[in-house]
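Please read the structure below before turning to the comments.
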Amino acid sequence: MAILALIELLGRMHPLLVHLPIGFLIFGIFLIFYSKKENDLLPAVRLAVILGLLAAIASAISGWLLYQSEGFAFETVRGHLIAGVITSILSGWLLWVSHRRTAIDRSIKWISAALGIALLITGHLGGNLTHGDDYLVEVLPEPVQSWFGYEPEAPKPIALDPDQWQEALVYEDLVMPILQQNCVSCHSPKNKKGGLMLTSIEAIQQGGENGPVLTKENPLESPLIARMLLPLDHEDHMPPKEKRQPEKAHIELVKAWIAAGADFSKTLGAAGIEKNLLVPFFKKESIPDFPITDLAPIPVDSLKVFAEKGILVEPISLDNSLLKVSCINFSAFTDADWEMLKGISSHVAWLDLSGTAVSDSLMVHVAGLPNLTVLKLSNTALRGILLEKLNANTNLKRLYLNQTEVDWNTLEVLKTHPRLMGLFAYNTPASKSETPDWAKKWGIKLETGGYQLPVVETEKVVY
């Protein structure tokens with residue numbers, strides 16, 4: 001057991017050892033071509049080459065052990081292996097010649113040049129094994145990648161229809177693209193690290209050299225998920241920390257798929273996957289923040305009358321005629337003061353009545369704002385009894401009801417709103433009670449606060 005552990009340790013040391021010969025030998029080559037005199041740096045060259053040769057031998061041994069344990073196909077490592085052997089031979093040759101010479105001559109320079117080329121090729125092929133064939137160009141913009149002759153194979157995009165998402169296939173439309181994006185660079189027929197391939201249903205079901213990667217209905221016991229959840233610097237964390245990491249939404253979806261039985265043919269509806277897990281994967285409509293209208297701009301001079309009453313009214317942008325209205329400096333604003341805004345009602349896209357004296361009755365007037373996109377009613381006496389009126393505001397996307405008296409019964413009327421994307425209800429009766437199932441599956445950004453940070457072990461220490 002001790003011998004096996006030592007062998008595994010040597011294999012795992014390969015990523016560290018492999019950089020030693022590169023550093024020593026490149027330093028020696030640099031000295032050879034930098035030397036101003038033919039013999040002044042020859043002793044330093046010999047030392048660098050000796051250290052580089054020893055490190056190359058150690059790297060070759062650890063690389064062979066890593067190859068034995070990681071499940072690479074021989075065809076995959078053959079080029080790197082041959083280049084590594086050539087590098088070691090050239091290192092030994094350079095050392096032998098340098099000891100037979102009393103000065104740095106042309107033969108030493110030719111051998112060192114060949115050694116430099118061999119190092120470059122060996123390092124590149126090693127990088128391909130560790131990081132994938134595209135590791136040098138994957139960070140470049142796609143046009144630059146094409147200029148280098150590399151056409152990346154785009155993974156299947158994840159784009160669910162918000163209206164027919166139940167019909168999508170869990171594995172084919174969601175799980176498979178997630179694996180393609182994050183896993184197959186190391187677990188393909190070419191690399192097959194750990195004897196595992198994630199490129200087909202049969203390969204996933206078969207697992208790797210350590211056994212199955214899926215434990216149906218138990219995602220935390222499934223190595224496929226368990227390794228993703230390990231700390232990033234853990235040696236068993238997958239994908240490796242230097243590779244792209246899956247998004248949290250990706251991990252949660254794969255967990256839900258495994259919890260539902262890891263079926264490769266079921267639809268989302270049949271698998272019982274909750275809609276709230278799928279919101280990040282819905283097709284995004286190309287809708288601007290505010291509606292596009294052909295309304296004529298209201299002259300700036302006409303807006304000054306609102307400023308005199310303490311109401312801030314200004315265009316939402318230089319190229320948009322819609323208006324932002326805020327009563328932040330007019331806390332006495334009541335339902336009766338709405339008459340002041342009637343003349344600009346068609347232009348109002350942002351309305352902030354937070355901290356004012358308005359009541360639920362105002363919802364009747366607010367429902368008549370055709371371009372209202374953001375509505376802020378926080379810190380008011382609103383109870384929410386007329387919130388259903390807001391369903392008429394078909395452009396409303398964000399609604400702020402913090403520190404009001406709304407509860408889940410009054411909020412439920414908004415679940416059929418055509419455009420609502422975010423609802424904020426901190427410090428309300430709703431936030432102080434349990435979130436009902438219908439709200440958990442609503443599919444909008446629902447913020448009610450009440451978050452608690454986890455207790456870490458250091459907080460329990462008594463000094």
Between K324 and I316 the two heavy atoms that sit nearest each other are N-CG2, 3.7 Å

Side chains of L423 and L401: does their closest heavy-atom pair fall under 4.5 Å? yes

Crowded around K389 NZ? As in, over 12 foreign heavy atoms under 6.0 Å? no

List the steps, then state whether side-chain hydrogen bond (donor to acceptor under 3.5 Å, both in side chains) holds for Q245 with H237. CA-CA 10 Å; Q245 300 299 308; H237 174 85; 2.8 Å; yes

Heavy-atom closest contact (V406 atom, T428 atom, distance): O-CB, 3.7 Å

Output yes when a side-chain donor or acceptor of H347 lies under 3.5 Å from a complementary backbone atom of A296, and no otherwise. yes

Would you be so kind as to tabulate the donor-acceptor pairs closer than 3.5 Å made by side chains of residues 325-341, with sequence neighbours excluded?
{"residue": "S326", "atom": "OG", "partner": "I328", "partner atom": "N", "Å": "3.3"}
{"residue": "T334", "atom": "OG1", "partner": "A336", "partner atom": "N", "Å": "3.4"}
{"residue": "T334", "atom": "OG1", "partner": "D337", "partner atom": "OD2", "Å": "3.3"}
{"residue": "D335", "atom": "OD1", "partner": "S359", "partner atom": "N", "Å": "3.0"}
{"residue": "D335", "atom": "OD2", "partner": "S359", "partner atom": "OG", "Å": "2.4"}
{"residue": "D337", "atom": "OD2", "partner": "T334", "partner atom": "N", "Å": "2.9"}
{"residue": "E339", "atom": "OE2", "partner": "K342", "partner atom": "NZ", "Å": "3.2"}

Can you confirm whether L375 sits close enough to L377 that some side-chain heavy atom of one is under 4.5 Å from a side-chain heavy atom of the other? yes

Does I385 offer a backbone N or O that forms a donor-acceptor pair with the side chain of T410 under 3.5 Å? no

Kindly say whether A425 contributes a backbone atom to a donor-acceptor pair with the side chain of N402 at under 3.5 angstrom? yes

Sidechain-backbone polar pair: S431 side chain, N427 backbone, donor-acceptor under 3.5 Å: yes

Counting distance only, does the side-chain N/O of N276 pair as donor-acceptor with the main-chain N or O of G443 below 3.5 Å? no

Taking the six-membered ring for Trp, are W257 and F264 parallel (under 30°), tilted (30 to 60°) or perpendicular (over 60°)? perpendicular

